[in-house]
Amino acid sequence: MNVSLDLILAQMMLGLSAGVFYAMLSLGLAIIFGLLNVINFAHGALYMLGAFVALIGHSYIGPWLGYEDFQLGFWPALIVAPLLVGCFGMLLERTMLRRLYQFDHIYGLLLTFGIALMLQGFFTNYFNVSGTPYGGQPESLNGIVNLGFMYFPKFRLFAIVMSIVVCFLTWFVIERTRLGAVLRAGVENPKLVQAFGINVPLMVTLTFGFGVALAALAGVLAAPIYSVSPLMGANLIIVVFAVVVIGGMGSIMGAIVTGLTLGLIQGLTKAIYPPAANTVIFFIMVIVLLVRPAGLFGKE
Amino acid sequence: MNRIFWVLLIGLGLAAPFLIYPVFAMKLLCFALFACAFNLLLGYVGLLSFGHAAFFGGAAYITGHVVKVWGFPPLAGILTGTLFALVLGAIFGKLAIRRQGIYFAMITLALAQIIYFLSLQLEFTGGENGLQGIPRGQLFGVIDLSQPLAMYYTVFAIFMIGFLIIYRAIHSPFGQVLTAIRENEPRAISLGYNVDRFKLMAFILSATLAGTAGATKAIVFQFASLTDVHWPMSGEVVLMTLLGGMGTLFGPVVGATAIVAMYNELSAMGSWINVIIGGIFVVCVLTFRRGIVGELARLLRSRS
């Protein structure tokens with residue numbers, strides 16, 4: 001097999017830029033699961049929703065409102081989309097998910113699956129399934145950078161750096177601050193935390209909102225890279241589920257590291273044996289299940 | 001109440017091709033068997049598999065291939081597809097029961113995605129086009145299955161065999177242990193039952209019969225396609241079971257009928273149908289967790 005080192009490095013960079021999305025989504029899933037014991041099947045759909053906020057803000061909102069010139073640019077979208085989608089998530093938690101905490105965990109999964117189907121079906125009615133390109137990439141991020149072994153799109157580099165910074169900020173807040181300490185205590189023993197005078201139901205809602213906002217942020221970052229499609233989240237979420245099984249949901253850092261590593265491995269596979277690139281993560285999941293069923297970072 | 005359902009099931013099953021379009025009736029039966037097989041796992045063991053499309057669609061491809069290319073007769077083709085689902089079920093089951101609850105759902109979903117990508121990439125499946133032109137052939141070499149009635153009653157017989165196997169499994173000591181595991185797994189373990197083995201056997205039985213349903217569907221419709229192995233199909237069978245009533249014998253049949261009929265009626269609505277399907281999921285989970293048959297049974301019980 002004749003694969004040059006440059007090709008491998010190039011594919012690994014591309015893999016890393018997919019890996020940051022795995023990391024951000026599995027991080028959000030892990031945070032939500034820790035406190036709510038719910039696997040959010042709608043996570044992919046909410047990622048898609050974030051991308052659509054960016055797309056609609058850039059290309060559609062002006063004409064809809066009657067001001068042709070009005071646009072929500074990429075930078076404001078980075079703030080607005082997570083806020084909007086986060087609020088939408090909190091609404092879902094307050095009105096629906098909350099009613100299911102007393103029942104078997106699978107009902108939370110089924111409910112969010114239904115919500116995902118509704119969101120995807122809704123957007124499929126109005127937007128092309130094969131994707132609409134997002135035209136709002138800021139000019140300062142156009143062009144390419146020379147990394148020595150390849151020319152890499154500046155925007156992708158930005159997306160990688162920004163995602164990693166957001167992931168580590170999240171890790172810092174949860175593991176190293178007082179707010180995070182309260183949150184971790186809530187995971188261990190919600191009743192006791194409540195007895196200390198902390199509003200646990202509010203904390204649960206805000207946590208869900210935050211996890212969902214991370215997904216929306218990932219969606220905005222993905223919009224200029226991949227085209228925006230109603231099904232973009234559906235295909236991603238299954239891979240992210242495999243990432244979560246591999247990493248185990250016990251640790252925040254575990255989710256981040258597993259996401260990034262699996263992105264790299266996927267890139268490597270694309271360079272060495274392209275047909276397996278789609279499935280390599282699932283096969284790694286099988287191996288992990290055989291060797292270490294609780295996941296690499298799991299405690300069970 | 002169960003007696004009424006038995007009479008209805010057999011009576012309507014025998015009369016169906018004279019009441020409704022036979023192809024539609026056969027589609028109903030295939031999905032009803034699929035949902036019943038799924039319910040064995042979700043309703044009686046409490047395991048939510050999100051990967052049953054792999055058995056349904058995978059068996060459809062195998063059956064299609066052996067019948068079309070290797071010239072197997074239809075029943076041998078269906079048996080081959082079923083056998084494939086059995087082996088696949090043993091592998092998936094062995095892996096997935098290593099984790100509990102919600103992880104189980106995610107693992108089965110991810111494993112099924114491997115089968116989806118294989119179906120997309122392997123040559124014999126025809127990729128995006130699917131496997132087309134599978135001949136229906138002749139049953140036992142004499143009965144021509146291109147006759148709608150002959151095909152229908154063959155499908156009905158297959159459905160009844162599958163249904164009776166599930167009925168026997170549920171009402172046997174084996175089924176009692178499964179229910180015990182669903183209700184209180186630690187207690188079942190402390191009573192000395194090898195819980196993992198029972199789970200695995202239930203998983204294999206469920207996967208096998210799901211395969212039978214998919215294999216039969218491939219013969220009836222004469223094609224196997226990616227739709228049958230993709231994850232929305234796994235979601236659909238969950239919904240059929242949930243809507244009809246999980247853990248009830250006849251619920252999945254009712255649920256499958258309702259969903260298939262709904263797809264048929266609303267096919268003009270484009271992707272709004274997905275919004276409706278998602279909406280039914282949400283409503284079922286929030287307010288209607290017993291499903292149609294479960295609620296009916298409760299009503300009748302509270303009256304008497």
Side-chain angles (χ1 to χ4, degrees), chain A residues 29 33 37-39 41-42 45 95-97 99-100 103-126 129 230 234-235 237-246 248-249 275-279 281-283 285-286 289-290 293-295 298 300, chain B residues 42 46-51 91-92 94-118 120-122 182 230-232 234-236 238-239 241-243 246 269-287 289:
Chain A
L29 279 181
F33 183 77
N37 271 318
V38 165
I39 274 292
F41 215 124
T95 53
M96 297 195 229
L97 264 179
R99 296 155 189 262
L100 297 175
F103 300 108
D104 197 321
H105 298 337
I106 63 171
Y107 287 112
L109 184 77
L110 294 177
L111 177 84
T112 48
F113 179 72
I115 292 171
L117 284 184
M118 287 176 82
L119 287 173
Q120 280 159 18
F122 181 79
F123 277 92
T124 310
N125 281 307
Y126 299 105
V129 183
N235 300 322
I237 192 66
I238 303 179
V239 179
V240 172
F241 278 176
V243 171
V244 163
V245 173
I246 293 168
M249 279 187 289
N278 283 329
T279 41
I281 291 186
F282 302 122
F283 282 115
M285 181 192 80
V286 170
L289 281 173
L290 289 172
E300 206 172 21
Chain B
L42 177 61
L47 291 174
L48 172 63
S49 156
F50 241 104
I91 298 169
F92 279 21
K94 196 89 187 144
L95 288 167
I97 56 171
R98 290 172 160 249
R99 297 294 286 273
Q100 308 282 328
I102 259 156
Y103 282 100
F104 184 87
M106 292 196 284
I107 292 167
T108 45
L109 178 64
L111 290 173
Q113 199 72 353
I114 297 179
I115 301 299
Y116 169 74
F117 279 115
L118 284 179
L120 187 66
Q121 289 171 348
L122 288 179
R182 181 190 66 188
H230 207 190
W231 61 267
S234 299
E236 234 165 76
V238 179
L239 183 59
T241 310
L242 184 68
L243 178 66
M246 52 182 171
M269 291 185 66
S271 70
W272 280 111
I273 198 160
N274 286 330
V275 180
I276 296 172
I277 293 272
I280 298 177
F281 249 110
V282 170
V283 171
C284 273
V285 170
L286 285 177
T287 63
R289 280 177 293 274

Task: Most chain B-contacting option - heavy-atom pairs closer than 4.5 Å, from Q120(A), R99(A), H105(A) - done: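 The candidate making the most pairs under 4.5 Å is H105(A).
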Specify which of N125(A), T112(A), L100(A), T124(A) makes the most heavy-atom pairs with chain B at under 4.5 Å.
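So the answer, after comparing N125(A), T112(A), L100(A), T124(A), is N125(A).
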[X], part contacting chain B, at a heavy-atom distance under 4.5 Å:
X	value
F103(A)	side chain
N37(A)	backbone
M285(A)	side chain
Y107(A)	both
L109(A)	side chain

Please confirm whether F113(A) and F50(B) have ring centers closer than 6.0 angstrom.
->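 Ring centroids of F113(A) and F50(B) are less than 6.0 Å from each other.
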With a 4.5 angstrom heavy-atom cut-off, could you sort out which part of [X] is near chain A: side chain, backbone, both or neither?
X	value
L120(B)	neither
Y116(B)	neither
I102(B)	side chain
V238(B)	side chain

What's the separation between atom OG1 in T279(A) and atom CD in Q113(B), rounded to the nearest 0.5 Å?
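It comes to 10.0 Å.
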Check your understanding: Can you name the nearest heavy-atom pair linking M96(A) to L286(B), along with the distance?
Key ->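 Looking at all heavy atoms of both residues, the shortest contact is O-CD2, 3.7 Å.
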**Item:** Minimum heavy-atom distance between A242(A) and I281(A), given as atom pair plus value
**Value:**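 Closest approach of A242(A) to I281(A), heavy atoms only: CB-CG2, 4.0 Å.
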For side chain to side chain contact (heavy atoms under 4.5 Å, CB included), just list the numbers for I276(B) and M269(B), CA-CA rounded to whole Å, side-chain angles, deciding distance to a tenth of an Å, and then say yes or no. CA-CA 10 Å; I276(B) 296 172; M269(B) 291 185 66; 3.9 Å; yes
| query | I237(A) and W231(B): side chain to side chain contact (heavy atoms under 4.5 Å, CB included), yes or no, with the steps? | reply | CA-CA 11 Å; I237(A) 192 66; W231(B) 61 267; over 6 Å; no
**Side-chain heavy atoms of I107(B) within contact of R98(B), under 4.5 Å** =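 Not touching, per the 4.5 Å side-chain cut-off.
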- Query: Does some side-chain heavy atom of V282(B) sit less than 4.5 Å from a side-chain heavy atom of L111(A)?
  - Reply: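 They are in contact (side-chain heavy atoms under 4.5 Å apart), so the answer is yes.
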| query | Who among I114(B), L118(B), N274(B), I280(B) has the most heavy-atom pairs with chain A under 4.5 Å? | reply |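 Most pairs with chain A among the choices: I114(B).
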